[in-house]
Every structure is written in structure tokens, then in C-alpha cells.
Amino acid sequence: MALILNIETATKNCSVALAKDGKVIAVREVSDQGYSHAEKLHVFIDEVIKESGKELSEIDAIAVSQGPGSYTGLRIGVSAAKGLCYALGKPLIALETLEVLARQAKVEQGLIIPMLDARRMEVYSAVFDANYKMVRGIEAQIIEEGAFSNYEEPICFLGDGAEKTKTILTKGNCHYLDINYPSAREMAMMSYVKFTKDQFEDVAYFEPYYLKDFVVQRNG
């Protein structure tokens, strides 16, 4: 039996799910334009533990969404996960944020392309097949006419970055889902599979996958 705490804070959605053998038994999440993850994350962790009737010490591992995504959101989630791992002596599992998002799409054929907003017309994206196998790796790309034109099969776009591509990527094989953010719900089975394979991170050295350097913008 594996009891895993899943933490997803890479976007505006602050999401926590407690799962037993890959099945969610308690979840808390909220999408907040103000990025209040720092205030809500530990409250959500406490609430899912209490709802499940478990103790924090009973957790077998902590899983965290590793990015790409919001610099601040990733830093908060990873810091919390690492802190729990140190305090409880439990292993850390890292999951790719774009795959977590992609798994909200259920298709029988074609491709799934999750997109996260990365300012202006840039997105973080990856390409998965209907079984969530990665076809093209994670990239930060500018969306312009002709993007993904090399794919002839049906394409399912989702994520908050997909919204700004609707007027550009208009081929007949392009379809859009009204799903904006990754959720800890989809992390449950992903983290369980990694747990059974002992695919853990080095807690001391693990860092979020920012993809791009954080840039402080100054006026004047």
C-alpha cells in the first residue's frame, strides 16, 4: 500500500491530493489570479490529511509537479515538498507539469498538446499521443501561423496557453478543450507508478524545472 501526497502549484491552480495506491481519497484546490499559494498550500495539506483520517507520518512519499510553469508557484510547491520529505524522512517524486495537464484530456486517437502561458505569444508546450507517451519534448515556443502544421492527425489543445492560439491555429484537425490548469488529481496514478519503480529524486539537490531563467522586470 502506498499513501502519497501530491502537490501541484506550477500555475494559478493550487492543488493538493492525497492518494492511496494511485486513487485519490482527498483533494483540495483553487485557481487564484493572485497566486496565493503561499497562504493556501499548507492549509490544503492539513485539510486532506484530516479528511482522509490519516496521519502525516503515515505518508509513504511526497510528489510534486516540477515544471515548467510559474517561477513563484514552482518554488513554493517544491520548497514545501522538500521540507516535508526532510521532516518525515520520506522520498520525493517529481512529475512533469505538462504531462499532468495532458492527462486531463481523454482521446482515442491523435495528439494531445498541453500549453502553459509564458507571456505574450510564447507558451511552454509538449506533444503526447493518446496514451500520454511523449512525442515531442518540452519547449518554450512562439506561437505563429504554421506551428504544428507537420501533424496531420487530430490535435487536442488544452491549458491556459492554448486560449491565445485559437485564432492562429485554425486547421480542421485542431480542437480545443476548456481545461486551463494541471491538477493534483492526475498526479495520483503517475506518482504511484514512479513509487512502485523506486524512481525518486535526491531531495538535497532537486530543483524545479523552470525551462527559462527568471527575469526581474524594472520600470524606468
Side-chain angles (χ1 to χ4, degrees), residues 2 4-19 29 31-32 34-45 56 59-103 114-119 122-128 132 134 136-141 159-161 181-218:
I4 301 176
L5 182 68
N6 298 277
I7 297 172
E8 164 56 70
T9 59
T11 65
K12 293 176 182 176
N13 192 33
C14 182
S15 181
V16 177
L18 187 65
E29 61 185 348
S31 299
D32 192 333
Y35 279 102
S36 58
H37 299 1
E39 293 80 23
K40 293 178 178 175
L41 179 56
H42 288 283
V43 174
F44 286 177
I45 291 172
L56 199 56
I59 290 174
D60 295 294
I62 293 94
V64 68
S65 180
Q66 69 179 13
S70 156
Y71 179 90
T72 301
L74 287 170
R75 180 172 50 80
I76 291 170
V78 169
S79 295
K82 291 175 69 171
L84 286 169
C85 288
Y86 276 123
L88 301 172
K90 304 298 182 179
L92 176 66
I93 298 169
L95 302 174
E96 292 181 355
T97 302
L98 287 169
E99 182 180 349
V100 175
L101 176 57
R103 285 180 177 270
M115 293 179 171
L116 293 177
D117 193 1
R119 294 201 303 260
E122 190 173 22
V123 299
Y124 301 129
S125 71
V127 181
F128 298 86
Y132 311 112
M134 188 175 282
R136 195 219 70 194
I138 299 168
E139 294 181 7
Q141 65 182 124
D160 64 347
Y181 307 118
S183 168
R185 294 175 187 272
E186 276 67 44
M187 295 174 66
M189 184 53 69
M190 294 171 65
S191 60
Y192 177 64
V193 170
K194 280 201 165 188
F195 181 86
T196 60
K197 296 179 179 178
D198 293 333
Q199 295 179 342
F200 304 129
E201 303 296 325
D202 186 320
V203 179
Y205 295 101
F206 178 76
E207 293 291 337
Y209 178 46
Y210 296 118
L211 191 58
K212 295 197 303 180
D213 291 335
F214 179 62
V215 178
V216 178
Q217 294 182 329
R218 295 183 174 87

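Given the structure is predicted, the values throughout are model-derived calculations rather than measurements. Values reported hereafter were calculated over all heavy atoms of this structure, with side chains retained and with hydrogens, waters and symmetry mates removed.
- Across all their heavy atoms, Tyr181 and Ser31 have their closest contact at CD1-OG, 3.5 Å.
- Residues Tyr132 and Ala102 approach most closely at CE2-O, 3.5 Å, considering heavy atoms.
- A donor-acceptor pair is defined here as one N or O able to donate and one able to accept, closer than 3.5 Å; no such pair exists between the side chain of His37 and the backbone of Glu8.
- For the atom pair CD (Glu139) and CD (Glu122), the distance works out to 11.0 Å, reported to the nearest 0.5 Å.
- Contact between Leu101 and Pro182 at its shortest, heavy atoms only, is CD1-N, 3.8 Å.
- Contact annotation: the side chain of Leu84 approaches that of Ile45 to within less than 4.5 Å [non-hydrogen atoms, C-beta and beyond].
- For Ala126, the side-chain contact (heavy atoms from CB on, under 4.5 Å) partners at least two apart in sequence or on another chain are Leu98, Phe128, Met134, Ile138.
- Judged purely by atom type and a 3.5 angstrom limit, Lys90 uses its side chain to pair as donor or acceptor with the backbone of Ile59.
- Formation of a donor-acceptor pair under 3.5 Å by the Asn6 side chain with backbone atoms of Ala63 is not found in this model.
- In terms of heavy-atom proximity, Cys14 sits nearest to Phe44 at O-CE1, 3.6 Å.
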| field | Pair Val123-Gln141, side chain to side chain contact (heavy atoms under 4.5 Å, CB included): steps then yes or no | value | CA-CA 6 Å; Val123 299; Gln141 65 182 124; 3.9 Å; yes
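- Between Pro91 and Asp198, every side-chain heavy-atom pair lies at or beyond the 4.5 Å cut-off.
- In this structure, the side-chain contact (heavy atoms from CB on, under 4.5 Å) partners of Lys82, at least two apart in sequence or on a different chain, are Val78, Leu92, Val203, Glu207.
- Side-chain N or O atoms of Asn13 include none that pairs as donor or acceptor with a backbone N or O of Ser183 at under 3.5 Å.
- Looking at Ser125 and Arg136, their side chains come closer than 4.5 Å, going by heavy atoms from C-beta outward.
- Counting only distance, with no hydrogens or angles, the side chain of Thr9 and the backbone of Gly73 share a donor-acceptor pair below 3.5 Å.
- Contact of the Tyr124 side chain with the Thr97 side chain is not registered, since no non-hydrogen atoms from C-beta on lie closer than 4.5 Å.
- The nearest pair of heavy atoms linking Ala80 to Leu41 is CB-CD2, 3.5 Å.
- Shortest non-hydrogen contact noted between Pro68 and Leu211 is CB-CB, 3.9 Å.
- Judged as a salt bridge (charged side-chain N to carboxylate O under 4.0 Å, His left out), the pairs with a partner in residues 91-102 (not counting sequence neighbours) are, in order, Glu99-Arg103.
- Atom OG of Ser15 is separated from atom CD of Glu186 by 8.5 Å, given to the nearest 0.5 angstrom.
- The shortest side-chain heavy-atom distance between Ile62 and Ile4 does not fall under the 4.5 Å cut-off.
- Side-chain contact between Gln199 and Ile93 is absent, with no heavy-atom pair separated by less than 4.5 Å.
- For the pair Ser79 (side chain) and Ile76 (backbone), a donor-acceptor distance under 3.5 Å is absent.
- Separating the CD1 atom in Ile7 from the CG atom in Leu18 is a distance of 10.5 Å, to the nearest 0.5 Å.
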